[in-house]
Amino acid sequence: MSGQPRTGPLTGPPGRVRIANLANALTLSRLVLVPIFLLALFAGDGHQTAFRVVAFVIFAVASITDRLDGLLARHYGMATEFGAFVDPIADKTLIGSALIGLSMLGNLPWWVTVLILTREIGITLLRLIVIRRGVIPASWGGKLKTVVQSLAIALFILPLSGPLLVAASVLMGAAIVLTVVTGVDYVASTVRAVRQPTV
């Protein structure tokens, strides 16, 4: 969820850049990997070690593309309106499919999935509502939330038990706290920015 770069309290859309670039290709690849990830996650009875490891690898690769597309967009002038719009959709699709899949398999409580997805969908809708005024840049807390959330989900994809499963649960707990706190902060920042008179 690093996304395309944003550079102000309410920044306008990126300048015109070719849509067909590497950053956008990585963003789209994340969407392509989602159904492949789900096939691996639910392969067999959904609890076979080999397939769960494969699902973990696919999820990890997809998550890495999230870091790479943002870096490329920022440092090599590949930021586009298309990328800024599709990147969060790709992120939410990956995270959402993983959470729902894990809950369907009984590995993650449904309330955790509902809470995280409610926050993510709500923030995405808020971004769409204020998109004509620009976008709020991702905060440090939001970026930390994304990292912790991805790591926690990745650990739950693996067939862990004992102390490792406890560690994964603690990390998921931290992700839940960050999810709520950063969600409230984003809403507050958006309200303050919208109330500012436009120049």
Side-chain angles (χ1 to χ4, degrees), residues 1-4 22-73 83 85-124 138 141-180 182-183:
M1 294 170 213
S2 59
Q4 306 291 344
L22 183 56
N24 287 342
L26 287 173
T27 299
L28 291 175
S29 72
R30 194 152 62 255
L31 284 171
V32 172
L33 285 173
V34 169
I36 301 174
F37 161 73
L38 289 174
L39 285 174
L41 183 65
F42 285 96
D45 62 357
H47 295 284
Q48 295 183 19
T49 299
F51 286 119
R52 292 297 285 263
V53 171
V54 171
F56 166 82
V57 172
I58 296 172
F59 181 85
V61 170
S63 297
I64 290 172
T65 67
D66 183 30
R67 307 272 75 77
L68 290 179
D69 63 7
L71 288 173
L72 288 171
F85 179 76
V86 175
D87 183 80
I89 294 175
D91 296 338
K92 304 305 184 289
T93 302
L94 176 65
I95 294 297
S97 62
L99 289 170
I100 293 172
L102 289 171
S103 291
M104 289 177 66
L105 292 171
N107 297 127
L108 192 66
W110 274 105
W111 70 265
V112 173
T113 293
V114 171
L115 176 64
I116 293 177
L117 291 186
T118 298
R119 185 272 190 197
E120 300 299 342
I121 294 172
I123 295 301
T124 298
K143 294 177 181 178
L144 177 62
K145 180 270 302 180
T146 299
V147 172
V148 175
Q149 199 178 82
S150 297
L151 287 174
I153 292 171
L155 289 178
F156 269 89
I157 293 171
L158 288 172
L160 302 179
S161 61
L164 290 176
L165 182 57
V166 173
S169 299
V170 171
L171 194 60
M172 182 60 77
I176 292 170
V177 172
L178 287 169
T179 295
V180 173
T182 58

Let me confirm one number: the [atom1]-[atom2] distance from [X] to [Y], rounded to the nearest 0.5 Å.
X      : Y      : atom1 : atom2 : result
Leu38  : Leu94  : CG    : CG    : 9.0 Å
Leu164 : Leu158 : CG    : CG    : 9.5 Å
Ile36  : Leu41  : CD1   : CG    : 13.5 Å

Counterpart residues, side-chain contact (heavy atoms from CB on, under 4.5 Å), relative to [X] (two or more places apart):
X      : result
Val147 : Leu151
Thr113 : Leu99, Ile100, Ser103, Leu108, Trp110, Leu117
Ile64  : Leu68
Leu178 : Leu144, Lys145, Val148

Item to complete: Quick one: which residue pairs count as a side-chain hydrogen bond (donor to acceptor under 3.5 Å, both in side chains) with a foot in residues 165-180, not counting sequence neighbours?
Response: Gln149-Thr179
Discussion item. Tell me which pairs pass side-chain hydrogen bond (donor to acceptor under 3.5 Å, both in side chains) where either residue lies in residues 40-62, with sequence neighbours left out.
Written reply: Arg52-Asn107
Fill in: Pairs touching residues 26-45 that satisfy ring-ring contact (aromatic ring centres under 6.0 Å, His included), sequence neighbours left out
Phe37-Phe59
Indicate yes or no: at least one non-hydrogen side-chain atom of [X] is less than 4.5 angstrom from one of [Y].
X      : Y      : answer
Ile116 : Met172 : yes
Val34  : Arg30  : no
Thr182 : Arg119 : yes

Practice prompt. Would you please test Leu155 and Leu160 for side chain to side chain contact (heavy atoms under 4.5 Å, CB included) and show each step?
Written response: CA-CA 8 Å; Leu155 289 178; Leu160 302 179; 4.1 Å; yes
Quick check: closest heavy atoms across [X] and [Y], and the distance to 0.1 Å?
X      : Y     : value
Ala40  : Ile58 : CB-CD1, 4.1 Å
Ser150 : Ile95 : OG-CD1, 4.1 Å
Ile89  : Thr93 : O-OG1, 2.7 Å

